[in-house]
Amino acid sequence: MHLTLRFIFIVVLFLLKEYYAFPADWVINPIIPTSLPDPTIIKGEDGFYYLYATEDVRNIPIYQSYNLLEWRFVGTAFTDETRPTFLEKGHLWAPDINRINGKYVMYYSLSKAGELHTNGIGVAVADNPWGPFTDKGKLFTSDEIGVVNSIDPFFFEDYGHNYLFWGSHYGIYGIELSNDGLSIKEGAEKKQIGSSLIEGTCIVKHDDWYFLIGSAGTCCSGLNSTYHVVVARSENLFGPYKDKKGRNALSNGFSMLLQGTDYFVGPGHNSEFVEDEVGENWVFYHSYINDEMSS
């Protein structure tokens, strides 16, 4: 059996209009046929889209596209000399790219397998989406913030305030950041918004609703992976988030959003939503591909 981990995408046009509904129009996947888990994406001031993903050997690869369909590798966020070091010999996972006060700000996870109490989240800054990124060090480690397995950061700006959300199967939490996004706001306290069911969270706002999206199940077991994407919504950023049946996300109340097929196995850890030139929304995610299904 030949098993390949590839990055794929799907177009989600009506998700926020009809609450958890997918459109009839689909786009052929995958768009980048190589291992690029945990994608994050931004549109640069130059008009190009930039995609970043987990790939420890290459120090977080960066891809560029003009149309969200055709991508080319343009470099890495770090080099072996500039990669973050607040956790010795830690692995770089799950970046999150944003533009804050004219700077490109990347949050990242630094983790050692099995060391759930020492891993943490850091931040780096660049003047351009292709870098070079300068590491600004850690925001916090799991022990310091009091949340086991503090990885998978997601930045969200709301009414002029900056927030960071994070967590991986030990609860999803959020906290307010400083104006430049490079530190926790003085006096801010974390608040839990989701249960231990999910990881790889992102939040999408549409009209008066906040949509909390995360990945549940096992991410990394090849064709036995059970990864899938779920969602809940709230009228307030910090909840309570509830699924279609009114169940609270703090008690595993999530509705199914995206699940795998025999060919695309274990889809998950989706990006934020991206609006294209004609106002349509796209979401990016990774998946295993069962190559036997195509033979």
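Reckoned from all heavy atoms, side chains included, excluding hydrogens, waters and symmetry mates.
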> For D180 and S178, does a side-chain donor sit closer than 3.5 Å to a side-chain acceptor?
Replying inline: yes
> Between R99 and E45, is there a salt bridge with N-O shorter than 4.0 Å?
Replying inline: yes
>> Please say yes or no: joined through hydrophobic side-chain contacts below 4.5 Å, possibly via intermediate residues, are I100 and L177 part of one cluster?
In response: yes
> Could you walk me through whether V231 and Y241 pass the side chain to side chain contact (heavy atoms under 4.5 Å, CB included) check?
Replying inline: CA-CA 9 Å; V231 60; Y241 286 89; over 6 Å; no
>> Do I203 and F211 sit in one hydrophobic cluster, given that two such residues count as connected whenever their side-chain heavy atoms are within less than 4.5 Å of each other, even indirectly?
In response: no
> Got a salt bridge between K138 and E144, using NZ or NE/NH1/NH2 to carboxylate O under 4.0 Å?
Replying inline: yes
>> To check you understand the geometry: which heavy-atom pair defines the closest contact between S225 and G222, and what is its length?
In response: OG-O, 2.8 Å
> Between N98 and D96, which heavy-atom pair has the shortest distance, and what is it?
Replying inline: ND2-OD2, 2.9 Å
> Looking at S142 and S150, what are the two nearest heavy atoms and their distance?
Replying inline: OG-N, 2.9 Å
>> Tell me whether the NZ or CZ atom of R58 lies within the 45° cone about the ring axis of F73 and under 6.0 Å from its centre.
In response: yes
>> Whether the side chain of K112 engages the backbone of K89 through a donor-acceptor N/O pair (distance < 3.5 Å, no angle test) should be reported.
In response: no
>> Could you check whether D262 and N290, counting side-chain N and O atoms only, form a donor-acceptor pair closer than 3.5 Å?
In response: no
>> Is the terminal nitrogen or CZ of R83 (NZ for Lys, CZ for Arg) located under 6.0 angstrom from the six-membered ring centre of F78 and within 45° of that ring's axis?
In response: no
> In Å, rounded to the nearest 0.5 Å, how long is the span from OH of Y263 to CG of N29?
Replying inline: 9.5 Å
>> Using every non-hydrogen atom in the two residues, find where D135 and T82 come nearest and quote the distance to one decimal.
In response: CB-O, 4.3 Å
> Does S287 reach the main-chain N or O of V265 with its side chain, forming a donor-acceptor pair under 3.5 Å?
Replying inline: yes
> Would V274 and L68 count as a side chain to side chain contact (heavy atoms under 4.5 Å, CB included) if you check the C-alpha gap in whole Å, the side-chain angles of each, and the deciding distance to 0.1 Å?
Replying inline: CA-CA 9 Å; V274 183; L68 297 172; 4.3 Å; yes
> From H206 NE2 over to R233 CZ, what is the distance, rounded to the nearest 0.5 angstrom?
Replying inline: 10.5 Å
> Under a single-linkage definition using a 4.5 Å side-chain heavy-atom cutoff for Ile, Leu, Val, Met, Phe, Trp and Tyr, are Y173 and I184 assigned to the same hydrophobic cluster?
Replying inline: yes
> Does a sphere of radius 6.0 Å around CD in Q192 hold more than 12 heavy atoms from other residues, nucleotides or ligands, not counting ones at 6.0 Å or beyond?
Replying inline: yes
> Can you name the one residue among T40, V229, D152 that meets side chain to side chain contact (heavy atoms under 4.5 Å, CB included) with H269?
Replying inline: D152
> Could you go step by step and tell me if K43 and E277 meet the salt bridge (charged side-chain N to carboxylate O under 4.0 Å, His left out) rule?
Replying inline: CA-CA 11 Å; K43 188 174 184 180; E277 298 296 333; 2.3 Å; yes
> Taking the six-membered ring for Trp, are F238 and F165 ring centroids under 6.0 Å apart?
Replying inline: yes
> side chain to side chain contact (heavy atoms under 4.5 Å, CB included) with W166: which of I151, I175, T201, I172?
Replying inline: I175
> Quick one: which of S196, S111, S168 gives a side-chain hydrogen bond (donor to acceptor under 3.5 Å, both in side chains) with N149?
Replying inline: S168
>> Atom CG of residue position D276 - does it have more than 12 heavy atoms of other residues, nucleotides or ligands inside 6.0 Å?
In response: yes
>> When you compare the side chains of D38 and T54, does any donor N or O come within less than 3.5 Å of an acceptor on the partner?
In response: yes
>> Starting from Y107, can I reach I41 by hopping between I/L/V/M/F/W/Y residues whose side chains sit under 4.5 Å apart?
In response: no
> Taking the inter-plane angle between the rings of W282 and F284 on a 0 to 90° scale, is it parallel (under 30°), tilted (30 to 60°) or perpendicular (over 60°)?
Replying inline: parallel
> With a 4.0 Å cut-off, would you call E235 and K242 a salt bridge?
Replying inline: no
>> For Y170, I'd like to know if atom OH has over 12 heavy atoms of other residues, nucleotides or ligands within 6.0 Å.
In response: no
> Any idea which heavy atoms bring L36 and H286 closest together, and the distance?
Replying inline: O-CB, 4.1 Å
>> Does S234 form a side-chain hydrogen bond (donor to acceptor under 3.5 Å, both in side chains) with N236? I'd like the steps, not just the answer.
In response: CA-CA 5 Å; S234 173; N236 300 291; 4.6 Å; no
> How far apart are the closest heavy atoms of V283 and S271, and which atoms are they?
Replying inline: CG2-O, 3.5 Å
>> Can you confirm whether more than 12 heavy atoms, excluding those of N67, are under 6.0 Å from its CG atom?
In response: yes
>> Under a 3.5 Å cutoff, is there a donor and acceptor pairing between the side chains of T218 and T226?
In response: yes
>> Taking W209 as the starting point, is it possible to reach I213 by hopping between hydrophobic residues whose side chains are less than 4.5 Å apart?
In response: yes
